[in-house]
Participant: 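This structure is in structure tokens; I'll ask about it shortly.
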Amino acid sequence: MSAVSVSTKLSVPSAPWKPGVKPVPRRGLSRISEIKTRHTVVAVAAFLSRCFQRSRAAHKALPKGFEENGPQLFRRGLLLSTLAPSIAKAEHLASLASEALKNAQGKVAVITGATSGVGLEAARVLAANGCDVYVAGRTLEKAQKAAADVAASATGQVFPMELNLASLDSVRRFASEWDSSIRRPVDILACNAGLALGQDQKEPLFTEDGFELTVGTNHLGHFLLANLMKKQLAPEARVVVTASSVHNPATGDPGKQATLGDLSGLGKFMVDGSSYDAGKAYKDSKLCNVLFTLEFARRLKREGSNITVNCFSPGLIPSKTFFRYQNEGFSSAFAFAAENILKIAETPQFGGDTLVFMALDPSLKQKTGCFYSAIPPGKHQFVEDTPSQEASNEIEA
């Protein structure tokens, strides 16, 4: 690869970059030192009890006797969690075969949100199997740190790049630099970055362009990126979008459900024009992700393109990075209960494998407009699923 001249915000080395550093160690969740009182633990237990009682998919995985003893079980477990750290087992996706991993060799991947969680784990696997990975992070510093981690075990090249999806100007700069300086056909475009604001967030936050932060980051930034990068995609490229099962009201997730209405609130608070609700904003953003995936797939197919577009839910992964906007005591308690009591959580390693599966598995070679999900919860399985009725609405798309 010849030397490439780019701006300081998008620094791309001209030769394989494999610094002699060890990968960042995978650590278990920390002690829940922030839970100061029994009242807080009981409140968290009550929320979790409501959450999983109302989820039909998760309900099947509840332990025997939960209906009668659930709240007491939660409280006992959460109180114990204040004394011992929660350490999730590094489960991987068993159906991610070596045949699929061989397909990584020589490919070029762009992964947003690759500085932590699912994106970082996917970058590690892809780069270790010969893929050249562009690690896109919200800041160049974060991208460089993650790229050094990924490069430690890589056989492909690893490049850090800045991409702030909450800034449409940043997205445009990224695409412009690729078009003018990098000019490599992209085999895998993974629209993976995402955020979820805390339930105690009562007032909306906004992107620099004036959109509600959750929908602006999770959907609008990726929508623009995919459209600007379309001409840079390889003839049989795969566009992979990280979505979530909560886009579908039928899953029974607690709280207000995802719906976009007539889009009258876009650029204000909520897409459907309703009053602000942080949980609904996240669900709406995931509905946007799926709606976009299916429509983009339809349009490319009508054009006669061999590019495929699919989305997936990696399952419940209660990582600190994803819950960074949540109350730390609550998120730690939630993680402990999901992993150790209900056993419905997946690991970041499993989530990374699901993204790699979508990007490489031969079974998806000519499949487009599909939604895959990690169901049933916590069972480390990954299958094709049915998107919600609204997500499948071609007229709305």
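Just so it is clear, the values below take in all heavy atoms, side chains as well, and ignore hydrogens, waters and symmetry mates.
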Participant: Where is the tightest heavy-atom contact between Gly351 and Val118, given as atom of each residue plus distance?
Facilitator: O-CG1, 3.4 Å
Participant: Between the side chains of Arg124 and Asp149, is the shortest nitrogen-to-carboxylate-oxygen separation below 4.0 Å, so that they form an ion pair?
Facilitator: yes
Participant: Please find the pair of heavy atoms, one from Cys370 and one from Glu384, that lie closest to each other, and give the distance.
Facilitator: SG-OE2, 3.7 Å
Participant: Are Asp179 and Lys231 close enough that some pair of their side-chain heavy atoms sits under 4.5 Å apart?
Facilitator: yes
Participant: Indicate yes or no for a side-chain donor-acceptor contact from Asn129 to the backbone of Ala104 under 3.5 Å, with no hydrogens or angles considered.
Facilitator: no
Participant: Side-chain contact test, heavy atoms from C-beta onward, threshold under 4.5 Å: evaluate it for Asn310 versus Val239 and give yes or no.
Facilitator: no
Participant: When you measure from the side chain of Thr251 to the backbone N and O of Val246, does any donor-acceptor pair fall under 3.5 Å?
Facilitator: no
Participant: Before accepting this row, confirm whether a basic side-chain N of the pair Glu177/Arg172 lies closer than 4.0 Å to the acidic partner's carboxylate O.
Facilitator: no
Participant: Is any side-chain heavy atom of Leu165 closer than 4.5 Å to one of His222?
Facilitator: yes
Participant: Evaluate the side-chain proximity of Val108 to Ile188: yes if any heavy-atom separation is below 4.5 Å, no if none is.
Facilitator: no
Participant: Do the non-hydrogen side-chain atoms of Ser388 and Leu287 ever get within less than 4.5 Å of each other?
Facilitator: yes
Participant: Determine yes or no for a side-chain-to-main-chain donor-acceptor pair under 3.5 angstrom, with Gln201 supplying the side chain and Glu203 the backbone.
Facilitator: yes
Participant: List, by chain and then residue number, the residues other than Leu294 in its hydrophobic cluster (Ile/Leu/Val/Met/Phe/Trp/Tyr, side-chain heavy atoms under 4.5 Å); write none if there are no others.
Facilitator: Val290
Participant: A side-chain contact here means heavy atoms from C-beta on lying under 4.5 Å apart; do Leu364 and Phe357 qualify?
Facilitator: yes
Participant: Salt-bridge test for Glu162 and Lys142: reply yes if a basic N is under 4.0 Å from a carboxylate O, no otherwise.
Facilitator: no
Participant: If we ignore hydrogens and angles and just use 3.5 Å, is the side chain of Thr207 paired with the main-chain N or O of Asp209 as donor and acceptor?
Facilitator: yes
Participant: Would you say Asn164's side chain and Arg138's backbone share a donor-acceptor pair under 3.5 angstrom?
Facilitator: no
Participant: For the residue pair Glu346 and Thr354, establish whether any side-chain heavy-atom pair is separated by less than 4.5 Å.
Facilitator: no
Participant: Output yes when a side-chain donor or acceptor of Trp178 lies under 3.5 Å from a complementary backbone atom of Arg184, and no otherwise.
Facilitator: yes
Participant: Quick check: do Lys283 and His247 have side-chain heavy atoms less than 4.5 Å from each other?
Facilitator: no
Participant: So does Arg302 pair up with Glu295, basic N to acidic O under 4.0 Å?
Facilitator: yes
Participant: Short question: side chain of Asp272, backbone of Leu263 - any donor-acceptor pair under 3.5 Å?
Facilitator: no
Participant: Which heavy-atom pair separates Phe296 from Ala226 by the least distance, and what is that distance?
Facilitator: CE2-CB, 4.0 Å
Participant: Which atom pair, heavy atoms only, marks the closest approach of Ser392 to Pro387?
Facilitator: OG-CG, 3.6 Å
Participant: So that I know where these two stand, are Tyr372 and Phe382 an aromatic pair - ring centroids less than 6.0 Å apart?
Facilitator: yes
Participant: Taking the ring centre of each residue, are Tyr276 and Phe269 less than 6.0 Å apart?
Facilitator: no
